[in-house]
Protein chains: 2
Amino acid sequence: MEKEIQIYREFLKSKNLKLTKPRLTILKAIFRNHEHFNVDNLYEQIRKKQSNVSRATIYRTIPLLLESGLIKLSLRCDSKDIYEHSYGHENHLHFICTNCGSIKEASFIKVEKLINQLAVDANFKITEYHLSARGLCENCRKSTDQ
Amino acid sequence: MEKEIQIYREFLKSKNLKLTKPRLTILKAIFRNHEHFNVDNLYEQIRKKQSNVSRATIYRTIPLLLESGLIKLSLRCDSKDIYEHSYGHENHLHFICTNCGSIKEASFIKVEKLINQLAVDANFKITEYHLSARGLCENCRKSTDQ
DNA sequence: AGGTTTTTGAGAATGATTCGCAAGTGCATA
DNA sequence: TATGCACTTGCGAATCATTCTCAAAAACCT
């Protein structure tokens, strides 16, 4: 967590922005646990645990965190954006269960290589991967016999 | 196009729904060309070329087309859903240019194999793939020297 | 053609996200 | 430590895509 705060502080400084209390509150709420999150999660969590921060501020802070590289857009689900930590995390792909909404991650080192090759062929310079598949997770397969 | 109409007709019949004029207009507008589309595109195109159809009807028709397997959700861009033809089309991955918005498709036969293997390992049953990468396309790389 | 059900269009409603603005903070400087 | 100024915040209003409501129109059955 200290590391993330440090990175954030430097990023903000480089943009002539300030590490204010709400910004720090948001950062801590995000890195307190290790799961995917969306604006609502975050808002509720902050509201429960510590000094409130308005939704508007969360919406304004997320682009900063994205730009700093600390988090990234993971996927969209039910017309909400879902984010995940990205500092110190490898890329991976997501298996999203359309039945229970669970998200399972799988490593994609090999997949990445292939895609990079395709990008080279297309003369495309990749900055972000968005790889996911929807379907039924292990549990839901059992319970629905599929 | 005839084939698509046929499939659509049968699908609707199986659901006790009618192949009405607006539904046919929408289907034709979608399959008249071969590009990705969103609700706005479609609405504008129909408005230009033929009898008008309301946005509400387009929004109501898209789930039917999705369920029939004729189109599928391709990706989301600028908080809009973008669809593509899926009948008779292979899966592919998308390279989306964050500069000019262009979408380039790449084959992903090999990628698919790998992902399928990962899904087997995770005991996950895939129904849809959503594979894309963002970055700079060939043209935008040239013009921005990256 | 008459009766029934489905579908449509128009606009209102919704839900997520963004914006505008007045009040509050943080920080540099004196 | 007080002052000034730019950056931030919170609130509620605004926006945008999408969904809903409901009365009128169309399709189908006989």
Side-chain angles (χ1 to χ4, degrees), chain A residues 5 8-30 36-48 50-68 71-83 101, chain B residues 5 8-30 36-48 50-68 71-83 101:
Chain A
I5 295 175
Y8 195 30
R9 190 192 307 280
E10 279 164 20
F11 168 77
L12 290 172
K13 195 168 211 172
S14 77
K15 295 240 148 196
N16 279 323
L17 299 174
K18 298 164 186 170
L19 182 50
T20 58
K21 215 173 291 182
R23 284 181 181 153
L24 191 57
T25 299
I26 293 168
L27 184 80
K28 284 183 176 169
I30 289 173
H36 296 78
F37 64 93
N38 63 29
V39 171
D40 270 355
N41 293 157
L42 205 50
Y43 181 73
E44 284 310 326
Q45 230 197 83
I46 290 171
R47 164 174 284 246
K48 269 183 218 143
Q50 48 199 144
S51 64
N52 285 1
V53 168
S54 74
R55 276 202 163 77
T57 299
I58 295 179
Y59 277 111
R60 281 186 285 235
T61 299
I62 282 178
L64 299 176
L65 291 165
L66 287 170
E67 200 186 339
S68 74
I71 67 171
K72 65 174 209 170
L73 179 62
S74 174
L75 49 93
R76 291 177 210 245
C77 207
D78 295 334
S79 64
K80 283 178 193 162
D81 286 330
I82 298 180
Y83 304 92
Chain B
I5 294 175
Y8 195 32
R9 189 191 309 279
E10 279 165 20
F11 169 78
L12 291 173
K13 195 167 209 172
S14 78
K15 294 240 146 195
N16 278 323
L17 299 175
K18 299 164 187 170
L19 182 50
T20 57
K21 214 173 292 182
R23 283 179 181 153
L24 191 57
T25 299
I26 293 168
L27 184 79
K28 285 183 177 171
I30 290 173
H36 297 78
F37 64 93
N38 63 28
V39 171
D40 271 354
N41 293 159
L42 206 49
Y43 181 72
E44 285 308 326
Q45 231 197 84
I46 290 171
R47 164 174 282 247
K48 270 183 219 144
Q50 48 199 146
S51 64
N52 285 2
V53 169
S54 73
R55 276 202 164 75
T57 299
I58 295 178
Y59 277 110
R60 279 186 287 233
T61 299
I62 282 178
L64 298 176
L65 291 165
L66 287 170
E67 200 186 341
S68 75
I71 66 171
K72 66 174 209 169
L73 179 62
S74 174
L75 48 93
R76 288 177 211 246
C77 205
D78 296 334
S79 64
K80 283 179 194 161
D81 286 331
I82 298 181
Y83 303 91

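Note on naming: letters A, B, ... go to the chains in the order of the sequence lines (proteins, then strands), and numbering restarts at 1 for each one. Just so it is clear, the structure is predicted and the values come from calculations on it, not from any experiment.
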Just how far, in rounded Å, is [atom2] of [N] from [atom1] of [X]?
| X | N | atom1 | atom2 | result |
| --- | --- | --- | --- | --- |
| I82(B) | dA17(D) | CD1 | P | 12 Å |
| K15(B) | dA27(D) | NZ | C1' | 20 Å |
| I26(A) | dT8(D) | CD1 | P | 12 Å |
| L12(B) | dC28(D) | CG | P | 11 Å |
| Y43(B) | dA17(D) | OH | P | 13 Å |
| L42(A) | dT17(C) | CG | P | 12 Å |
| D81(B) | dA17(D) | CG | C1' | 9 Å |
| N52(A) | dG24(C) | CG | P | 17 Å |

Quick one: is [N] close enough that its OP1 or OP2 comes under 4.0 Å of any side-chain N or O from [X]?
| X | N | answer |
| --- | --- | --- |
| R23(B) | dT7(C) | yes |
| K80(A) | dA16(C) | yes |
| T57(A) | dG10(D) | yes |
| Y59(A) | dT17(C) | yes |

Closest-nucleotide 5' rank along DNA chain D - winner of P22(B) and S54(A):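 Looking at the nearest nucleotide for each, S54(A) comes out on the 5' side.
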Touch class at under 4.0 angstrom, heavy-atom based, for L17(B) against every strand present: sugar-phosphate
Touch class at under 4.0 angstrom, heavy-atom based, for N16(B) against every strand present: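 Counting heavy atoms under 4.0 Å across all strands, no contact is made by N16(B).
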Kindly point out which of [options] is positioned nearest to the side chain of [X]?
| X | options | answer |
| --- | --- | --- |
| V53(B) | dA16(C), dT9(D), dG9(C) | dG9(C) |
| T20(A) | dC11(D), dT6(C), dT8(D) | dT8(D) |
| K18(A) | dT8(D), dG10(D), dT8(C) | dT8(D) |

Distance-only donor-acceptor test, R60(A) side-chain atoms vs dG10(D) base atoms, 3.5 Å: yes
R55(A) side chain to Y59(A) side chain, donor-acceptor N/O pair below 3.5 angstrom: no
